[in-house]
Amino acid sequence: MELCLENLTKRYGNFTALREVNLRFTPGIYGLLGPNGAGKSTMMKLITDTLLPDEGRILYCGEDIRRLKETYRETLGYMPQQQGMYESFTAGRFLTYMAALKGIEKKEIKGEVERVLKLVNLEQSAGKKLGGFSGGMKQRVLIAQAILGNPKILILDEPTAGLDPKERIRIRNLISKIAMEKIVLIATHVVSDIEFIAKEIVMLKKGEILGMESPGQWLKRLNGKVYEVVVEESGLETFQKHHLVSNIRKDEQENIRVRIIANEEPEGKWELAGANLEDLYLTIFEEEGSRYV
Ligand SMILES: Nc1ncnc2c1ncn2[C@@H]1O[C@H](COP(=O)(O)OP(=O)(O)OP(=O)(O)O)[C@@H](O)[C@H]1O
Ligand SMILES: [Mg+2]
């Protein structure tokens with residue numbers, strides 16, 4: 001199974017939101033990382049056939065999705081970034097309604113709704129109204145909706161937006177659990193959502209793909225460039241002005257330790273630190289970061 005984006009370009013008026021995107025996905029989890037406005041949702045809308053590209057095409061197992069139409073849409077599960085919910089519906093009723101919209105056979109709907117409710121751990125709340133759900137519960141209902149019918153391709157646009165760390169971890173674990181033998185694409189600007197579950201990470205900046213590599217490959221670019229430097233409080237402001245700072249903390253001895261990305265050894269007392277994806281994110285998406293990769 002594969003999904004190929006070929007030369008995809010999308011414009012809104014004369015603004016190009018996505019430029020000549022070429023990517024190939026096979027089963028596994030992919031993270032789509034980029035700041036606000038990078039074009040993540042636009043890319044997902046193209047993949048889910050909710051928007052038409054101005055140029056290029058999308059192939060599912062070698063066939064143009066424009067030609068496959070319904071057959072393609074039936075293989076898709078999509079959780080859009082913004083989605084209205086019927087607050088007066090119960091979770092069970094909402095999912096039943098969505099299952100019918102998706103064309104799942106009438107006699108299978110009940111069992112399917114039960115299956116997805118169980119997967120997202122909401123079987124106890126099936127009879128409760130969505131209006132009374134917490135943000136995390138709503139998010140889980142929306143994921144449940146996306147996995148109705150066990151789609152082969154799962155597109156999740158910011159599935160953890162607005163959630164607390166505990167809920168975020170829950171959703172992350174849920175995604176890795178349901179990802180088997182599917183192509184799963186997760187858009188986020190929260191690095192930790194995908195750092196440990198994505199087989200590859202796509203970086204998107206101002207509508208252009210910067211690359212698609214495994215987290216390990218990406219991190220190699222920062223090898224030997226992340227330092228932790230002890231800085232005096234009085235010199236902190238100046239130090240910050242001259243370095244790309246990814247973190248500042250006080251250690252047990254009350255020393256200020258500043259984590260930086262640099263091409264050369266900094267002055268003073270420093271240690272090398274292992275790079276993480278947040279360092280990389282900063283390096284790639286901060287204006288001043290580009291000279292380090
Ligand atoms: N319907 C539209 N009409 C005009 N411009 C649009 C439209 N939709 C998106 N854009 C613009 O296209 C660019 C990409 O938007 P998109 O929603 O794809 O970004 P994103 O990466 O999903 O951002 P976010 O992290 O905020 O969700 C933005 O500059 C946005 O303002
Ligand atoms: Mg978006």
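Just so you know, ligand 1 is whichever comes first in the structure, and atom 1 is the first atom listed for that ligand.
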For [atom], find the nearest protein heavy atom and state the residue, atom name and distance (0.1 Å precision).
atom                    : result
atom 23 (O) of ligand 1 : G37 N, 2.8 Å
atom 2 (C) of ligand 1  : Y12 CD2, 3.5 Å
atom 18 (O) of ligand 1 : T42 OG1, 2.6 Å
atom 24 (P) of ligand 1 : N36 ND2, 3.6 Å
atom 19 (O) of ligand 1 : G39 N, 3.3 Å

Mind checking whether Y78 and K45 have side chains closer than 4.5 Å, heavy atoms only?
-> yes
Side-chain heavy atoms of I201 within contact of L277, under 4.5 Å | yes
Closest approach of Y30 to T26 (non-hydrogen atoms, all atoms of both residues) = OH-N, 2.9 Å
Which heavy atom in V226 sits nearest to a heavy atom in A275, and how many Å separate them?
-> CG2-CB, 3.7 Å
Under 4.0 Å from a heavy atom of [X]: give me the atoms of ligand 1 that qualify, with their elements.
X    : result
S41  : 17 (O), 18 (O), 20 (P), 22 (O), 27 (O)
H189 : 25 (O)
E158 : 25 (O), 27 (O)
K40  : 18 (O), 19 (O), 20 (P), 21 (O), 22 (O), 23 (O), 24 (P), 25 (O)
F15  : 11 (C), 12 (O), 13 (C), 29 (O)
A17  : 12 (O)
Q81  : 27 (O)

Would a distance-only check, ignoring hydrogens and angles, find a side-chain to backbone donor-acceptor pair under 3.5 Å from R172 to S192?
-> yes
Is the backbone of K128 close enough, under 3.5 Å, to the side chain of S125 for a donor and an acceptor to pair up by distance?
-> no
Under 4.0 Å from ligand 1, counting heavy atoms only, is it the side chain of A187, its backbone, both or neither?
-> neither
Would you call G13 a ligand 1 contact, heavy-atom distance under 4.0 Å?
-> no
Going through the checks in order, is the side chain to side chain contact (heavy atoms under 4.5 Å, CB included) test met by M43 and K10?
-> CA-CA 8 Å; M43 193 168 126; K10 177 68 198 172; over 6 Å; no
Ionic contact status for [Y] with [X], cut-off 4.0 Å:
X    : Y    : result
E112 : R115 : yes
K118 : E114 : no
K269 : E232 : no

Any N/O pair G34/ligand 1 closer than 3.5 Å = no
Begin with the C-alpha distance, continue with both residues' side-chain angles, and end with the deciding distance and a verdict on salt bridge (charged side-chain N to carboxylate O under 4.0 Å, His left out) for R221 and E213.
-> CA-CA 11 Å; R221 302 184 185 209; E213 290 171 23; 2.7 Å; yes
May I ask you to check if any N/O/S atom from Q81 comes under 2.8 Å of the Mg ion (ligand 2)?
-> yes
Got an N, O or S from S41 under 2.8 Å of the Mg ion (ligand 2)?
-> yes
Heavy atom of protein closer than 4.0 angstrom to atom 6 (C) of ligand 1 | yes
Return yes when at least one protein heavy atom is under 4.0 Å from atom 21 (O) of ligand 1, and no when none is.
-> yes
Please lay out, stage by stage, how I260 and W270 fare under the test side chain to side chain contact (heavy atoms under 4.5 Å, CB included).
-> CA-CA 10 Å; I260 60 164; W270 55 263; over 6 Å; no
